[in-house]
Amino acid sequence: MKILIVDDERDVEDLFRQKLRKEIRSGALELEFAFSGKQALEILASDNPPKFVYVFSDINMPGMSGLEMLDIIKTRFPQIQVSMISAYGDEANYKKAMDSGAKEFYTKPVNFENLKLEIAEIARSIS
């Protein structure tokens with residue numbers, strides 16, 4: 001299962017690779033990283049249909065916000081599941097994300113046990 005992680009903070013890549021290393025090593029997960037909403041959309045559009053089934057994105061990024069990107073993904077690639085993360089668990093961001101079709105809304109720091117359960121649920125639904 002291929003997942004796209006979108007966050008403007010580059011150290012997030014090391015964190016996700018460490019926390020999901022067992023799943024990556026076993027071949028259950030393949031991670032790709034984008035460091036902006038624009039880059040994420042370019043990656044998703046590079047294959048038709050996209051090879052990703054899940055996008056996990058930060059909300060607060062320079063340029064295009066994660067919420068703007070979510071709207072575009074749900075319009076262009078409605079089959080892709082998207083979850084959002086924010087350092088701020090405010091109600092407005094939560095409501096906008098869920099109303100725009102987000103699967104889940106996480107606050108930082110990421111609860112990786114919950115994320116692993118969500119990934120497993122998505123994997124079951126596509127197999």
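- Put simply, the side chain of R21 gets close to the backbone of Q18: a donor and an acceptor are under 3.5 Å apart.
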Name the atoms and distances for all side-chain donor-acceptor pairs under 3.5 Å in residues 2-11, with sequence neighbours left out.
{"from": "K2", "atom 1": "NZ", "to": "E30", "atom 2": "OE2", "distance (Å)": "2.7"}
{"from": "K2", "atom 1": "NZ", "to": "E32", "atom 2": "OE1", "distance (Å)": "3.4"}
{"from": "D7", "atom 1": "OD1", "to": "E9", "atom 2": "N", "distance (Å)": "2.9"}

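- Atom CD1 of I72 is separated from atom NZ of K38 by 11.5 Å, given to the nearest 0.5 angstrom.
- Under the 4.5 Å side-chain heavy-atom criterion for grouping Ile, Leu, Val, Met, Phe, Trp and Tyr, V55 is connected to I59 within one hydrophobic cluster.
- Pairing each heavy atom of M84 with each of D58, the nearest pair is CE-O, 3.9 Å.
- One hydrophobic cluster, built from ILVMFWY side chains closer than 4.5 Å, cannot hold both L31 and F52; they sit in different ones.
- At distances below 3.5 Å, at least one donor-acceptor pair connects side-chain atoms of N111 with backbone N or O atoms of E113.
- In the hydrophobic clustering of ILVMFWY residues, with side-chain heavy atoms under 4.5 Å counting as a link, F35 and L41 come out apart.
- Both M1 and L20 belong to a common hydrophobic cluster when Ile, Leu, Val, Met, Phe, Trp and Tyr are linked at side-chain heavy-atom distances under 4.5 angstrom.
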Which atom pairs, donor and acceptor, lie under 3.5 Å between side-chain atoms of residues 117-125 and protein residues at least two apart or in another chain?
{"from": "E118", "atom 1": "OE1", "to": "Y106", "atom 2": "OH", "distance (Å)": "2.4"}
{"from": "E118", "atom 1": "OE2", "to": "Y54", "atom 2": "OH", "distance (Å)": "3.0"}
{"from": "E118", "atom 1": "OE2", "to": "S83", "atom 2": "OG", "distance (Å)": "2.6"}
{"from": "E121", "atom 1": "OE2", "to": "K103", "atom 2": "NZ", "distance (Å)": "2.8"}
{"from": "S125", "atom 1": "OG", "to": "I122", "atom 2": "O", "distance (Å)": "2.8"}

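- Rounded to the nearest 0.5 angstrom, M69 CE and S57 OG are separated by 3.0 Å.
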>> Test side chain to side chain donor-acceptor pair (under 3.5 Å) on S100 and K96; report intermediate values, then the result.
In response: CA-CA 6 Å; S100 296; K96 172 79 171 101; 3.1 Å; yes
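- K51 NZ to L44 CG: the interatomic distance, rounded to the nearest 0.5 Å, is 9.5 Å.
- Contact check on D14 versus K19 returns no salt bridge, with no Lys/Arg side-chain nitrogen under 4.0 Å from an Asp/Glu carboxylate oxygen.
- The CE atom of M61 sits 7.0 Å away from atom OG of S65, with the distance rounded to the nearest 0.5 Å.
- Heavy-atom minimum distance, S86 versus N93: OG-ND2, 4.1 Å.
- Between F16 and F112, the ring centre distance stays below 6.0 Å.
- The cluster map of Ile, Leu, Val, Met, Phe, Trp and Tyr, joined by side-chain heavy atoms under 4.5 Å apart, puts F33 and F77 in different clusters.
- Between the CD atom in Q79 and the NZ atom in K74 there is a gap of 8.0 Å [rounded to 0.5 Å].
- For F105, the ring-ring contact (aromatic ring centres under 6.0 Å, His included) test picks out Y94, with sequence neighbours left out.
- Put simply, OH on Y88 and CG on N60 are 6.0 Å apart, with the number rounded to the nearest 0.5 Å.
- Considering every non-hydrogen atom in both M98 and A102, the closest pair reads CE-O, 3.6 Å.
- At least one side-chain heavy atom of I85 sits under 4.5 Å from a side-chain heavy atom of V110.
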